[in-house]
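Below: the structure, in structure tokens.
What you see is a predicted model, and the numbers here were worked out from it, not measured in a lab.
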Amino acid sequence: MLPVLVFAFCVAQPLLDVAAYWQGQLAFRTPLTTLLRFACFAGSVGIGFLLSDRKWAYFALAGILGAFAVLRSVALIEFGYSFPAEDLLNLIQFYMLPIYTLSFCTITRKNPRAVRAVCAGFFADLLIVGAVMILSRLTGTDPFTYPNKQLGVQGWFLMGNPQSAILSMLVPVSMGWALTRWEDKVLPVAAVALAGELALYFLATRLSCMAMAACGIGVAVCLLIIDRTRWRQSAAIGLVTVVMIALLPIGPMVENQSRQADNYDLKQAAFDEIAMPDDGTADEHTRIERLVEAYKLYVPGLVTKFGGERTLKAYNYSSNVDVMANRRNMRLTYCRLLMEDSPASARWFGMDITRMKVAGVDLNWRTGEYEEMVTNFDPENDFHAVYYLYGAVGLAMVALFFAYLGGGALFAMFWDFKRYFTVTFAALAIGCCCALAHIVFTASTLRFINTQAYLAPMLAAMWSLSRQELSAKRMRKTKGW
């Protein structure tokens, strides 16, 4: 029964993502999908707690998270807590990943077949996501990964970044499941690899294309290390990956980069027209004034919040639009300046998320037009966001969390390589590495409830395999999953 529930949990996730997308498109003002996600969360935690024979671990985790919440609240009150409810909600979402993961660690440890259920569920999720991407394209309802350029196939999902992280986890695990399901067949394995890599290719983010190459090459190499007699399957996955990499120059990701470079040239010309005096005789004060006017065009939120002089200094008086128009860099610069204005306690426990919003004129990246809006400077990089929102203590907690799960799994693998380094373990490890890449280089992985619902069971499954003596023979006995 437990593996069935785990499989159902996994399959529900992309369906909830699609429902959330259409709820937004049809302007249904109801928290239905959010409530269903929290029901999945509460159900998972409840089952894990009831099954656990180490309930002290749940109480210990609750104590650690509760103590951090109290200490952080005290630190924020020192500077002024502008809107505690929004910040508290963001903190709860941040807490959900370790709680989710602990619950799935219990579930997969209690029933080893739950690991296979996670892998089978991820394979089903890949099929659902692929079908949704195709349907959205055929029906002309695809929102595009890059709406202003109409590039990339996003499907009926809310944002490209979390979808890139999700697919990067689904693809290697699905390949691993296919390799254990069809141990002596090449075509089904090649078909799964092709389907997964096509989804990553057409999603067209830089990280999704990176993951496409990493997943294909990683799984092919690991399979060859584990069992050289399966070289045909390894070669098939490798061939699919090489072909997909060869197609990158004509794909939507490279096209987006090319258009972005052309757009930067136009922006640079507009910047130079404002910032550079025609005759070259302007004094220093006039030059600074013109630079400030030009900066208002590309980093208006920073100029509004911190003033022109300080913004210029933060960018080292740069006239390079590539630096200023990079929104990820803009957000990090904003947070760095905001941290400088905060008390010392902010470096330990972070800042209130509401302080990262600025009202004023800014560029709407979806329409390409300047509009009156509230700009959110919440960092796009999860790794940086953890520091700016939760401080050095929060960052240390995240580092210990991943070090315990990932480090423990790797230690077990090196301790007894032949026993623990299985196809399933390798696939899960590759998926975790892709997730970590998204955490470091982009957003929407650690703090989004939909991505957490994939990351938590995957981390738990990898950890569980490192704690159980699951030989290849025992894994085959659970082949039904």
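- Not a single donor-acceptor pair under 3.5 Å links the side chain of Y388 to the backbone N or O of I353.
- Electrostatic pairing of R347 and E340 does not count as a salt bridge here, judged by no charged N lying under 4.0 Å from a carboxylate O.
- C105 approaches L405 most closely through the heavy-atom pair SG-CD2, 4.2 Å.
- For the pair S174 (side chain) and L170 (backbone), a donor-acceptor distance under 3.5 Å is present.
- At a threshold of 4.5 Å between non-hydrogen side-chain atoms, the residues V153 and T145 do not count as touching.
- The shortest distance between side-chain heavy atoms of I107 and L5 does not fall below 4.5 Å.
- More than 12 heavy atoms of other residues, nucleotides or ligands sit less than 6.0 Å from atom OH of Y201.
- Within 6.0 Å of the NZ atom in K55, the count of heavy atoms belonging to other residues, nucleotides or ligands exceeds 12.
- Looking only at distances, no side-chain donor or acceptor of Q233 sits under 3.5 Å from a matching main-chain atom of A220.
- Environment of CZ in R336: crowded, with over 12 heavy atoms of neighbouring residues, nucleotides or ligands closer than 6.0 Å.
- Between L126 and V192 the shortest heavy-atom distance is CD2-O, 4.5 Å.
- In this model, a donor atom of one side chain and an acceptor atom of the other lie less than 3.5 Å apart for T354 and D352.
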V358 vs V374, side-chain contact (heavy atoms from CB on, under 4.5 Å): CA-CA, chis, key distance, verdict: CA-CA 5 Å; V358 177; V374 175; over 6 Å; no

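- Summarising the local packing, CZ of F441 is surrounded by 12 or fewer heavy atoms from other residues, nucleotides or ligands at distances under 6.0 Å.
- Of the possible polar contacts, none joining the T451 side chain to the R447 backbone as a donor-acceptor pair under 3.5 Å is found.
- Here F306 and Y334 bring their ring centres to under 6.0 angstrom of each other.
- Using a 4.5 Å heavy-atom cutoff, the side chains of D142 and L135 are not in contact.
- Between D378 and K357 there is no salt bridge, since none of the side-chain N atoms of the basic residue sits less than 4.0 Å from a carboxylate O of the acidic one.
- No donor-acceptor distance shorter than 3.5 angstrom exists from the side chain of R37 to the backbone of L32, with no hydrogens or angles considered.
- A distance-only check finds a donor-acceptor pair linking the side chain of D382 to the backbone of L446 [under 3.5 Å].
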Apply side-chain contact (heavy atoms from CB on, under 4.5 Å) to residues F377 and L332 and explain how you reach the verdict. CA-CA 8 Å; F377 288 93; L332 292 177; over 6 Å; no

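- F349 has its ring centre no less than 6.0 Å from the ring centre of Y390.
- Summarising the local packing, CZ of R328 is surrounded by more than 12 heavy atoms from other residues, nucleotides or ligands at distances under 6.0 Å.
- In this structure, L455 and T101 have side chains that are not in contact, with every pair of non-hydrogen atoms separated by 4.5 Å or more.
- Annotation: side chain of M356 is in contact with side chain of C335 (closest heavy-atom distance under 4.5 Å).
- Side chain of S103 to backbone of I99: a donor-acceptor contact under 3.5 angstrom is found.
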Using the side-chain contact (heavy atoms from CB on, under 4.5 Å) rule, take Q13 and V18 through it: C-alpha gap first, then chi angles, then the decisive distance, then the call. CA-CA 9 Å; Q13 302 313 310; V18 172; over 6 Å; no

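- Formation of a donor-acceptor pair under 3.5 Å by the D17 side chain with backbone atoms of F157 is not found in this model.
- Scanning both residues, V240 and L194, for their nearest heavy atoms gives CG1-CA, 3.8 Å.
- Between the side chains of R116 and T180, at least one donor-acceptor pair of N or O atoms lies under 3.5 Å.
- Proximity of I237 to L179: side-chain heavy atoms (C-beta onward) are separated by under 4.5 Å at one or more points.
- Taking the six-membered ring where tryptophan is involved, the planes of F41 and Y100 are perpendicular, since the angle between them exceeds 60° and thus also 30°.
- Shown here is F28, whose CZ atom has no more than 12 heavy atoms of other residues, nucleotides or ligands within 6.0 Å.
- Between F59 and F49, the ring center distance clears the sub-6.0 Å criterion.
- Ring geometry for W177 versus F123: interplanar angle under 30°, hence parallel rather than tilted (30 to 60°).
- Counted by atom type alone, S164 and T205 present one or more donor-acceptor pairs between their side chains at under 3.5 Å.
- Panel note: side chain T333, backbone N329; a donor-acceptor pair is recorded below 3.5 Å.
- Counting only distance, with no hydrogens or angles, the side chain of Y146 and the backbone of A204 share a donor-acceptor pair below 3.5 Å.
- Between C10 and D125, the shortest heavy-atom distance links the atoms O-OD1, 2.8 Å.
- Put simply, the side chain of F104 does not reach to within 4.5 Å of the side chain of M458, judged on heavy atoms.
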Verify side-chain contact (heavy atoms from CB on, under 4.5 Å) between V4 and F7, making sure each step is shown before the conclusion. CA-CA 5 Å; V4 175; F7 180 79; 5.7 Å; no

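- Ion pairing between D341 and R355 fails under the 4.0 Å rule for side-chain N and carboxylate O.
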